[in-house]
Number of protein chains: 2
Amino acid sequence: MDTNDQGSSAAAPRPTVQDVARALGVSTATVSRALSGSPNVSTATREKVMRGAAQLGYQPNVLARALRQERSSLVGLVVPDVRSDFFAAASSVLQRALEEHGFRLILGITGDDPDADRDYLVTLLQHRAEGIVHVPCTDEGAAPLLGGVPTPPPVVEFLRQSRSNVADTVVSNEREGARQLAEHLIAFGHRRLAVLAGPDRFSTTRDRVGGFVDGADAHGLEVEVRYGLYDHDWTHRETLTLMAGDAETRPTALFAAGNRLVSGALQALSELGLRVPADVSLVGADDPDWFRGCTPSVTTFAAPLEQMGLVAAQTLLGRMRPKGRQPRVGPIHALLGGQLIVRGSSGPPAAGA
Amino acid sequence: MDTNDQGSSAAAPRPTVQDVARALGVSTATVSRALSGSPNVSTATREKVMRGAAQLGYQPNVLARALRQERSSLVGLVVPDVRSDFFAAASSVLQRALEEHGFRLILGITGDDPDADRDYLVTLLQHRAEGIVHVPCTDEGAAPLLGGVPTPPPVVEFLRQSRSNVADTVVSNEREGARQLAEHLIAFGHRRLAVLAGPDRFSTTRDRVGGFVDGADAHGLEVEVRYGLYDHDWTHRETLTLMAGDAETRPTALFAAGNRLVSGALQALSELGLRVPADVSLVGADDPDWFRGCTPSVTTFAAPLEQMGLVAAQTLLGRMRPKGRQPRVGPIHALLGGQLIVRGSSGPPAAGA
DNA sequence: ACGGTCAATGTAATCGTTATCATAGCCCGA
DNA sequence: TCGGGCTATGATAACGATTACATTGACCGT
């Protein structure tokens, strides 16, 4: 059973349609037709071909097929990071949805580096990807690159949006969510609010911060905002300094605007001996499973990631293989609402504070 | 600036080498040579071609290139789930390492469904992937499928290993890690131990459970083992029933053998009003950031995921494009050691228990 | 001045598939 | 019986790149 050994002595080439055709005494056209389920093949021939192909271990070369048909069946997915639940969950849904329609996913991870982002988009063009799901990490998005190319593939901006208003976008209403979180905290009586946020070049960051500030503003409150990285360790350090002041002046409520930030903040608060929510309330964004497992569990605003993945897939599919002559339609912007989930990490401020 | 609009009126085809050649009055061979950096092109010509190509927005069709050169530059990555840190972190490293060598990643997500797994491997064969990184979800792995195909691509089994001893494997020593966790708990004085584990068809599960049981066995202790799913909700429910007994008989220490399981267990313990580690100690596996943020932070055994990704990439690269005539070498099995990380969730059992 | 080397380019075959067109049989109605 | 419309099949030209081979000058030493 050591069939998977790496290379028999002569490195036999993979069989091709030619090989199958020759072995069965038919033409390559017949083989191709039989395997692709064309109606113009007799049942007898079809079965003969199927058997022959299986016997030789034939697997069609989809590169050749793609070349001939001018359709690669590839979709590019360009994300900053698969380690964050926010992207991972969404990618997962997208992958399923696209697979169902016969597309394969090429994965690019940019680490939010604009060069890597650009390189990856180029690669996708070269692979003749039929569509691209893009989580942009710059304000321009893919527009400048795709501008120079004839008939570029359709792009859906996902989770974040660039400022060039040319691509379809599928994003959640993070602004509204953050506003609700602010309202929620203020209703408890909090007055000194702070936000720990990622880099402000991402629309997600700007929306979360903006919404939270708006919510506070409506009640005449100021918010201390600290921009940084989407990173556990950064938030950990930043929270330590932010909460170092004495109980009368430091914030009584914290918004960690991303799931990676929540864990960093929690660690810092725990190290400072501050109890949540007795000493300080903490609210987050996104909703990974572990928000429920924490003690206390984390109040948060959750985007409908599953639904967003589906909508993105649908949007892209609509652009990729339009049936018939569809009217040309401008960029579609889907803004999906999320859900405020109140759990144990938010509560009234301490009496003395 | 609406360059990215979806299709100008005539759907201009993408330019090819032919177009570039014609536009410049040279042959396609010259264009190809110039762009691929062949030494046999005059500097003047090279620059002319570069400019012309850029001007037309030419992007080489890598499908055609792959067909001609018989090398796709694609590597398949087949994982059960990208939402788990365990896989996400490893995938991330792998992606970087392989990109550096000019390979692109095709991503398959199987959801631990053997059929999806098989389908995905077939797809990779059809794309002429030059190598496959496989997290198998069955004991056979990829062997039965690849057995029928001439010169199959090299496969590295990653994180889990199948029982067919034909592929290279890169796994962590989960067995030893689990043994250490058992020792750790027993040293505190725990006598009633339980394990919540994923499905036992995965080598990871078997190793973790096996190691833990071995560790207990060395001290003449029994372990209650519950197999289930790698899933927050399953663990949540299971922990509720497992810990329902009274304080004299229920386990005093719990091993949640996977990061998804830890969050489920924590939630259940919290709902039962059991304090960690005062009433019950909890130890986990893997080490996502949030293990540090939890209250208490989670004691765990962490595999060196970064390193494993690198080793897997190296192993695969060694098989894919061997320089010169390398001696044919049998399957390589890399077993990497991890680290016991003691944090706040483990401690001595309650005095009365 | 002549053959030879070498650099620069062109010509055309090739990779494996699909699709177009042509052809050969076959059935059926007029 | 003949021709029109099937159906099943074969021969072959694409798809867009790379590359082995052929060709053209230019240059150089004798």
Side-chain angles (χ1 to χ4, degrees), chain A residues 11-49 52-53 56-74 102 123 125-130 149-151, chain B residues 11-49 52-53 56-74 125-130 149-151:
Chain A
R14 303 271 184 94
T16 71
V17 273
Q18 302 252 16
D19 298 321
V20 178
R22 198 162 4 189
L24 297 177
V26 298
S27 74
T28 63
T30 301
V31 174
S32 173
R33 276 189 286 252
L35 293 176
S36 64
S38 154
N40 293 341
V41 189
S42 72
T43 321
T45 314
R46 166 162 299 130
E47 282 172 5
K48 186 171 67 169
V49 171
L56 290 178
Y58 170 77
Q59 294 287 1
N61 184 330
V62 297
L63 282 69
R65 173 185 301 162
L67 180 59
R68 176 64 225 250
Q69 299 192 139
E70 309 193 22
R71 33 151 70 192
S72 64
S73 296
L74 291 174
T123 304
L125 287 176
Q126 299 186 344
H127 279 270
R128 297 299 186 263
E130 296 185 54
V149 174
T151 54
Chain B
R14 303 271 184 95
T16 71
V17 274
Q18 303 251 14
D19 298 320
V20 178
R22 198 161 7 189
L24 297 178
V26 297
S27 74
T28 62
T30 302
V31 173
S32 172
R33 277 189 284 250
L35 293 175
S36 64
S38 152
N40 293 340
V41 190
S42 73
T43 321
T45 313
R46 166 161 300 129
E47 282 172 6
K48 185 172 68 172
V49 171
L56 290 178
Y58 169 76
Q59 294 286 2
N61 185 329
V62 298
L63 282 69
R65 173 186 300 163
L67 180 59
R68 176 63 225 253
Q69 300 191 138
E70 310 194 17
R71 32 153 64 194
S72 65
S73 297
L74 292 173
L125 287 176
Q126 298 186 345
H127 279 270
R128 299 299 187 260
E130 297 186 53
V149 174
T151 56

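These numbers come from a predicted model, not from an experiment. So you know, we letter chains A, B, ... as the sequences are listed, proteins then strands, and number each from 1.
For the pair V31(A)/Y58(A), no side-chain contact is recorded, criterion being any heavy-atom separation below 4.5 Å from C-beta on.
For the OP1/OP2 pair of dA19(C) and a distance below 4.0 Å, the side-chain nitrogens and oxygens of Q69(A) include at least one atom meeting the criterion. Put simply, R65(B) has a side-chain N or O that comes within less than 4.0 Å of OP1 or OP2 on dT18(D).
Under a 3.5 Å cut-off, the side chain of R14(B) and the backbone N or O of Q126(A) do not form any donor-acceptor pair. Distance alone, capped at 3.5 Å, places no donor-acceptor pair between the S32(B) side chain and the T28(B) backbone. Judged by distance alone, with hydrogens and angles left aside, the side-chain atoms of E130(B) form a donor-acceptor pair with the main-chain N or O of S72(B) at under 3.5 Å. Judged purely by atom type and a 3.5 angstrom limit, T151(A) uses its side chain to pair as donor or acceptor with the backbone of A12(B). Panel note: side chain R128(A), backbone R71(A); no donor-acceptor pair is recorded below 3.5 Å.
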Exercise for the section: Quick one: do V17(A) and V20(A) satisfy side-chain contact (heavy atoms from CB on, under 4.5 Å)? Show the steps, please. Expected result: CA-CA 5 Å; V17(A) 273; V20(A) 178; 5.6 Å; no
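If you take OH of Y58(A) and C1' of dG16(C), they are 7 Å apart, rounded to a whole angstrom. We find that CZ of R71(A) is positioned 18 Å from C1' of dG16(C), with the value rounded to whole Å. In this structure, Q18(A) atom CD and dT14(C) atom P are separated by 11 Å, rounded to whole Å. Protein atom CG of L24(A) is 12 Å distant from nucleotide atom P of dT9(D), rounded to whole Å. In this structure, CD of E70(B) is placed 11 Å from P of dT17(C), rounded to the nearest angstrom. Here dA17(D) presents its P atom at 13 Å from NE2 of H127(A), a figure rounded to the nearest Å. One interatomic measurement links the two molecules: CG of L67(A) to C1' of dT17(C), which rounds to 8 Å at whole-angstrom precision. One interatomic measurement links the two molecules: CG of N61(A) to C1' of dT18(C), which rounds to 13 Å at whole-angstrom precision.
Here dG16(D) is the nucleotide among dT18(D), dG16(D), dA13(D) with the atom lying nearest to any side-chain atom of A64(B).
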Detail all sub-3.5 Å separations between protein N/O atoms and N/O atoms belonging to nucleotides 5-12 of chain C.
unit_1: dT9(C); atom_1: OP1; unit_2: T45(B); atom_2: OG1; d: 2.7
unit_1: dT9(C); atom_1: OP2; unit_2: S42(B); atom_2: N; d: 3.2
unit_1: dT9(C); atom_1: OP2; unit_2: T45(B); atom_2: OG1; d: 3.2
unit_1: dG10(C); atom_1: OP2; unit_2: S27(B); atom_2: N; d: 2.7
unit_1: dG10(C); atom_1: OP2; unit_2: S27(B); atom_2: OG; d: 2.9
unit_1: dG10(C); atom_1: OP2; unit_2: T30(B); atom_2: OG1; d: 2.6
unit_1: dG10(C); atom_1: N7; unit_2: R33(B); atom_2: NH2; d: 3.0
unit_1: dG10(C); atom_1: O6; unit_2: R33(B); atom_2: NH1; d: 3.4

